[in-house]
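Throughout, protein chains are lettered first and strands after them, A, B, ... in sequence-line order, and every chain is numbered starting at 1.
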Amino acid sequence: MLAELRLNGMPDLATPLIAWYGENARDLPWRRPGFGAWGVLVSEFMLQQTPVTRVIPHLQAWLMRWPTPTALAADAPAEAVRQWANLGYPRRALWLHRAAVEIRDRHSGVVPRDVDALLALTGIGDYTARAVAVFAYGERHPVVDTNTRRVLSRAVDGRSQSGSPSRRDLDAMTRILPEHPADAAIVNAAAMELGAVVCTARAPKCKVCPLADQCAWRAAGYPDTGDGRRRQARYEGSNRQARGAVLKVLRDAAPQPVDLAQVIADWPDALQRDRAIDSLIADGLAEASGGLLSLPGHRVAG
DNA sequence: GAACCGTGGTG
DNA sequence: TCACCAAGGTT
């Protein structure tokens with residue numbers, strides 16, 4: 001197989017990745033044997049755009065409270081949003097709750113192992129579906145996150161950054177996966193891990209990189225292909241900030257609703273405040289009734 | 001494909 | 001200080 005890869009002009013990335021991962025993999029909760037598909041799924045939801053160090057304590061608390069999808073599905077969405085606390089992007093909490101309901105209703109309470117079935121769940125996209133299938137069930141698929149895309153862009157394509165996610169990324173990853181599913185899973189995890197701790201966006205640690213010898217980007221003298229991502233919108237004064245402030249009030253008061261007029265009443269921009277509340281209601285993250293605002297599914301007294 | 005969606009750590 | 005960044009997904 002190695003000869004075949006070289007004939008195609010592809011260096012063997014799998015072998016050094018597996019060796020490096022064996023020595024350097026972090027001991028993360030969801031990598032423990034027997035962590036379970038539900039635990040893996042919850043961890044993947046939480047890890048969507050939230051750093052590992054912030055996720056770990058929340059993950060433990062979540063699984064302690066809701067050890068199964070059915071347990072979560074039996075609770076109100078409001079409780080999911082409240083338990084989510086300050087992890088950010090609270091719609092993920094809502095989506096995770098919806099996914100739990102779907103798992104209960106469509107899959108008898110068992111997290112599906114089929115990628116298409118996973119993709120059909122709320123809040124699960126290309127990355128998460130494959131991550132669950134591969135890391136929880138040992139299926140053989142390419143798992144491509146932003147770390148992996150950066151690693152492949154550099155090592156294979158010689159670019160400092162990757163463009164937007166595409167089918168090509170999955171194909172590129174497939175090309176370096178070993179045949180055996182267990183090995184393929186390790187390569188998937190190793191590529192992500194390498195991107196997370198060595199081949200980082202800002203200051204890559206090429207001195208300790210197991211792929212340095214074969215890295216096209218390094219060989220080309222680290223060109224800055226900077227087809228970079230769009231600048232993240234300013235947070236201060238943003239709608240996101242306003243929404244976050246509203247939701248924090250609701251979380252802190254829950255299960256009690258809050259007088260609508262008192263929700264971030266001192267917000268500098270009253271129009272923005274109103275729009276934030278309306279958009280949260282539209283998103284299903286809040287409910288208004290009788291002049292009171294609450295998290296979704298917390299019945300308003302009276 | 002671009003815009004949008006939270007929050008906190010960091011160089 | 002502040003812009004960047006973080007195991008994405010949906011619209």
Side-chain angles (χ1 to χ4, degrees), chain A residues 21 25-26 28-31 35 39-59 81 84-96 98-99 118-136 141-151 160-170 173 185 188-197 199-205 226-251 275-276 279-280 282-286:
Chain A
Y21 188 75
R26 290 170 295 177
L28 301 175
W30 45 90
R31 290 178 178 163
F35 193 68
V40 170
L41 189 152
V42 174
S43 76
E44 295 298 348
F45 264 84
M46 290 184 171
L47 287 164
Q48 292 169 4
Q49 298 289 281
T50 300
V52 165
T53 52
R54 289 183 55 202
V55 162
I56 289 175
H58 287 277
L59 176 65
V81 174
W84 196 260
N86 64 342
L87 275 175
Y89 292 144
R91 54 175 79 192
R92 289 181 292 161
L94 205 54
W95 289 342
L96 178 52
R98 286 181 194 162
L118 286 161
L119 280 170
L121 299 174
T122 301
I124 293 192
D126 255 348
Y127 164 75
T128 304
R130 289 174 174 76
V132 171
V134 169
F135 300 136
H141 298 285
V143 181
V144 177
D145 75 337
T146 184
N147 290 308
T148 295
R149 293 197 305 111
R150 187 173 54 250
V151 168
S160 64
Q161 309 263 358
S162 50
S164 42
S166 72
R167 174 75 224 181
R168 305 175 66 83
D169 300 321
L170 292 178
M173 191 60 192
N188 276 314
M192 292 169 59
E193 185 78 350
L194 188 70
V197 303
C199 191
T200 52
R202 291 263 188 104
K205 303 172 179 63
D227 59 318
R229 347 186 352 149
R230 272 205 130 43
R231 268 174 50 192
Q232 199 170 21
R234 179 179 183 81
Y235 185 64
E236 192 68 25
S238 67
N239 291 332
R240 297 155 88 169
Q241 185 186 33
R243 286 165 55 102
V246 171
L247 216 48
K248 174 168 171 51
V249 169
L250 297 185
R251 280 199 311 265
R275 278 195 278 105
S279 71
L280 287 169
D283 288 347
L285 282 165

Span that lies between the [atom1] atom of [M] and that of [N], in whole angstrom:
| N | M | atom1 | answer |
| --- | --- | --- | --- |
| C/dG9 | B/dG8 | P | 23 Å |
| C/dA7 | B/dG11 | P | 14 Å |
| C/dC2 | B/dC5 | P | 23 Å |

Sugar-phosphate, base or nothing in reach of [X], heavy atoms under 4.0 Å:
| X | result |
| --- | --- |
| A/A201 | sugar-phosphate |
| A/R31 | base |
| A/P90 | sugar-phosphate |
| A/R91 | sugar-phosphate |
| A/G88 | base |
| A/F45 | nothing |
| A/L280 | nothing |
| A/D126 | sugar-phosphate |
| A/L87 | base |

Is the distance from OP1 or OP2 of [N] to the nearest side-chain N or O of [X] less than 4.0 Å?
| X | N | result |
| --- | --- | --- |
| A/N86 | B/dG6 | no |
| A/N147 | C/dA7 | yes |
| A/R150 | C/dA6 | yes |
| A/R92 | C/dG9 | no |
| A/Y89 | C/dG9 | no |
| A/T146 | C/dA7 | no |
| A/Q49 | C/dG8 | yes |

| So how far is it from A/R240 CZ to A/Y235 OH, rounded to the nearest 0.5 Å? | 8.0 Å
Can you find a donor-acceptor pair, distance only, under 3.5 Å between [X] side chain and [N] base?
| X | N | result |
| --- | --- | --- |
| A/R202 | C/dC4 | yes |
| A/Q232 | C/dC5 | yes |
| A/T128 | C/dG9 | no |

Distance in angstrom units between [X] [atom1] and [N] [atom2], rounded:
| X | N | atom1 | atom2 | result |
| --- | --- | --- | --- | --- |
| A/W95 | B/dC5 | CH2 | P | 12 Å |
| A/L285 | B/dT7 | CG | C1' | 15 Å |
| A/D145 | C/dC5 | CG | P | 15 Å |
| A/R240 | B/dA3 | CZ | P | 13 Å |
| A/H58 | C/dA7 | NE2 | C1' | 16 Å |
| A/L121 | C/dG9 | CG | P | 12 Å |
| A/R149 | C/dG9 | CZ | C1' | 13 Å |
| A/L250 | B/dG6 | CG | C1' | 15 Å |

For [X] against [Y], the heavy-atom pair lying closest together:
| X | Y | answer |
| --- | --- | --- |
| A/T200 | A/A196 | CG2-O, 3.5 Å |
| A/G237 | A/Q241 | N-OE1, 2.7 Å |
| A/Q48 | A/G123 | NE2-O, 3.5 Å |

| query | In terms of side-chain heavy atoms of A/T50, which of B/dG6, C/dG9, C/dA7 is nearest? | reply | B/dG6
| query | Of all the choices, B/dG8, B/dC5, C/dA7, which nucleotide is nearest to the side chain of A/N239 once you look at every atom? | reply | B/dC5
| message | Tell me whether the count of non-hydrogen atoms from other residues, nucleotides or ligands lying under 6.0 Å of CZ in A/R168 goes above 12. | response | no
| said: Using salt bridge (Lys or Arg N to Asp or Glu O under 4.0 Å), reason through A/D145 and A/R149 one step at a time and then give a plain yes or no. | reply: CA-CA 6 Å; A/D145 75 337; A/R149 293 197 305 111; over 6 Å; no
| So A/R98 and A/T122, side chain to side chain donor-acceptor pair (under 3.5 Å) or not? Walk me through it. | CA-CA 6 Å; A/R98 286 181 194 162; A/T122 301; 5.7 Å; no
| field | N-O pairing of A/R31 and A/E193 below 4.0 Å | value | yes
| message | Using heavy-atom distances to pick each residue's nearest nucleotide on DNA chain B, tell me which of A/P165 and A/Q241 is more 5'. | response | A/P165
| task | Report the residue (A/L119 or A/L28) whose heavy-atom-nearest nucleotide on DNA chain C is the more 5′ of the two. | result | A/L28
